[in-house]
Amino acid sequence: MIEHLTDRLRFLGAFLANPRQVGAVLPTSRAAVRDMLDMADVPAADLVVELGAGTGVQTQEILARLGPTARLITLEIDPRLAKLLDERFDDPRVQVVCDSAENLDAHLGEARADVVVSALPYTSLEPGLRRRILDVLPRSMAPGGTTVVIQYSPLLLPELRKRFTTVRWRVTPWNVPPAFLFACRQD
Ligand SMILES: C[S@@+](CC[C@H](N)C(=O)[O-])C[C@H]1O[C@@H](n2cnc3c(N)ncnc32)[C@H](O)[C@@H]1O
């Protein structure tokens, strides 16, 4: 309970310091995270990539679903949040990287992700940065992989449809505000 409140304050502090980069005043709810991850097969994945981890609400649920020999690479641009994630998730399967999602290629090397989980605030990012990150997503995925995205509006849908052959979407009401969830594939 105390950790939950502290995380909300940390998150709010990060938002106040950099509103367009954080894009939300509260972390995503656990129920919305579960709805989001239900749209991809995390238990079968060898490699999961998480973009924009914040205080780690998705990280925790990904690790709960991830197999014992699988890996999670988590990118978070805010150094204070990245440090918190590194300290919080003492798990050999996870690698926390403090860098921008646009540089994902450099951290993947030859590897490709079976699942990409993105909680980046695309609509408030500078357009060039948004485009560079969206362009990274399809080429980061393994064949048969899925990218899941959470947003507070449907505005990103045309951009996702340009880059993926299939985009399923739904709304989860279990979040403040209710959130749009997208599952994108190259079938
Ligand atoms: C809306 S918050 C989501 C946080 C958390 N995943 C959640 O759902 O509560 C967006 C997060 O993305 C991070 N972020 C923003 N731009 C980024 C970028 N270019 N690369 C990596 N992380 C970024 C922010 O620092 C923030 O932690």
Side-chain angles (χ1 to χ4, degrees), residues 1-30 32-33 36-37 40 42 45 47-66 70-137 139-141 147-152 156 159 175-177 179:
M1 185 65 180
I2 297 285
E3 187 176 282
H4 187 65
L5 285 176
T6 313
D7 276 356
R8 284 179 168 219
L9 288 175
R10 275 199 189 101
F11 198 92
L12 183 61
F15 171 80
L16 291 173
N18 211 333
R20 294 186 65 176
Q21 183 173 283
V22 175
V25 290
L26 287 174
T28 306
S29 74
R30 286 192 193 289
V33 169
M36 181 183 187
L37 296 184
V42 174
L47 176 61
V48 176
V49 165
E50 182 187 15
L51 305 175
T55 50
V57 62
Q58 273 108 353
T59 320
Q60 187 172 6
E61 185 64 23
I62 294 166
L63 288 171
R65 295 179 184 213
L66 199 63
R71 289 194 301 138
L72 168 62
I73 300 176
T74 288
L75 268 76
E76 170 51 58
I77 200 168
D78 182 319
R80 275 188 296 188
L81 292 175
K83 183 168 179 285
L84 170 79
L85 294 163
D86 205 29
E87 290 165 358
R88 177 164 291 173
F89 297 105
D90 182 20
D91 185 315
R93 297 172 298 172
V94 63
Q95 177 191 359
V96 177
V97 178
C98 183
D99 197 1
S100 174
E102 69 194 300
N103 301 323
L104 177 59
D105 288 338
H107 303 289
L108 278 178
E110 296 297 302
R112 293 292 173 267
D114 301 294
V115 178
V116 177
V117 177
S118 173
L120 297 171
Y122 290 100
T123 52
S124 64
L125 297 179
E126 178 270 310
L129 174 61
R130 174 169 67 239
R131 196 184 56 249
R132 289 194 297 280
I133 298 174
L134 286 169
D135 287 347
V136 164
L137 297 176
R139 64 174 187 258
S140 309
M141 274 169 36
T147 292
V148 285
V149 177
I150 184 166
Q151 293 290 281
Y152 295 134
L156 200 65
E159 291 298 318
N175 196 65
V176 182

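Throughout, numbering of the chain's residues begins at 1 and tracks the sequence.
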Non-neighbouring partners of [X] that pass side chain to side chain contact (heavy atoms under 4.5 Å, CB included), sequence neighbours left out:
{"X": "R8", "result": "H4, L26, P27"}
{"X": "E159", "result": "L134, L156, K162, R163"}
{"X": "A179", "result": "I150, Y152, T172, N175"}

For residues 111-123, which residue pairs qualify under side-chain hydrogen bond (donor to acceptor under 3.5 Å, both in side chains), counting only residues two or more places apart or in two chains? S118-Y122
What residue pairs, at least two apart or across chains, pass side-chain hydrogen bond (donor to acceptor under 3.5 Å, both in side chains) with a residue in residues 72-82? E50-T74
Residues two or more places apart in sequence or in another chain: which of them pass salt bridge (Lys or Arg N to Asp or Glu O under 4.0 Å) with E126? none
Going by salt bridge (Lys or Arg N to Asp or Glu O under 4.0 Å), name the residues that satisfy it together with D91, two or more places apart in sequence or in a different chain. R93
Kindly determine whether L47 and L108 satisfy side-chain contact (heavy atoms from CB on, under 4.5 Å), including the steps that lead there. CA-CA 10 Å; L47 176 61; L108 278 178; 3.8 Å; yes
[X]: what forms a side chain to side chain donor-acceptor pair (under 3.5 Å) with it, not counting sequence neighbours?
{"X": "Q60", "answer": "R30"}
{"X": "R65", "answer": "D38, E61"}
{"X": "D99", "answer": "N103, H107"}
{"X": "D90", "answer": "none"}

Mind checking the [atom1]-[atom2] spacing from [X] to [Y]? Nearest 0.5 Å is all I need.
{"X": "R88", "Y": "T59", "atom1": "CZ", "atom2": "OG1", "answer": "9.0 Å"}
{"X": "L85", "Y": "T55", "atom1": "CG", "atom2": "OG1", "answer": "7.5 Å"}
{"X": "L75", "Y": "Q95", "atom1": "CG", "atom2": "CD", "answer": "8.5 Å"}

Provide the closest heavy-atom pair for [X] versus [Y] in the form atom of the first, atom of the second, distance.
{"X": "L120", "Y": "A101", "value": "CD1-CB, 3.7 Å"}
{"X": "L129", "Y": "S100", "value": "CD1-OG, 4.1 Å"}
{"X": "A45", "Y": "A70", "value": "O-CB, 3.2 Å"}
{"X": "P121", "Y": "G23", "value": "CB-CA, 3.7 Å"}
{"X": "P79", "Y": "C98", "value": "CA-SG, 3.6 Å"}

Hey, does [Y] have a side-chain heavy atom less than 4.5 Å from the side chain of [X]?
{"X": "V57", "Y": "D7", "value": "no"}
{"X": "F89", "Y": "V96", "value": "no"}
{"X": "V136", "Y": "L51", "value": "no"}
{"X": "V49", "Y": "S140", "value": "no"}

Can you list every pair that meets salt bridge (charged side-chain N to carboxylate O under 4.0 Å, His left out) and has a residue in residues 17-29, with sequence neighbours left out? none
If you count every heavy atom of other residues, nucleotides or ligands that lies below 6.0 Å from R130 atom CZ, does the total exceed 12? yes
A82 backbone acceptor or donor facing E87 side chain under 3.5 Å: no
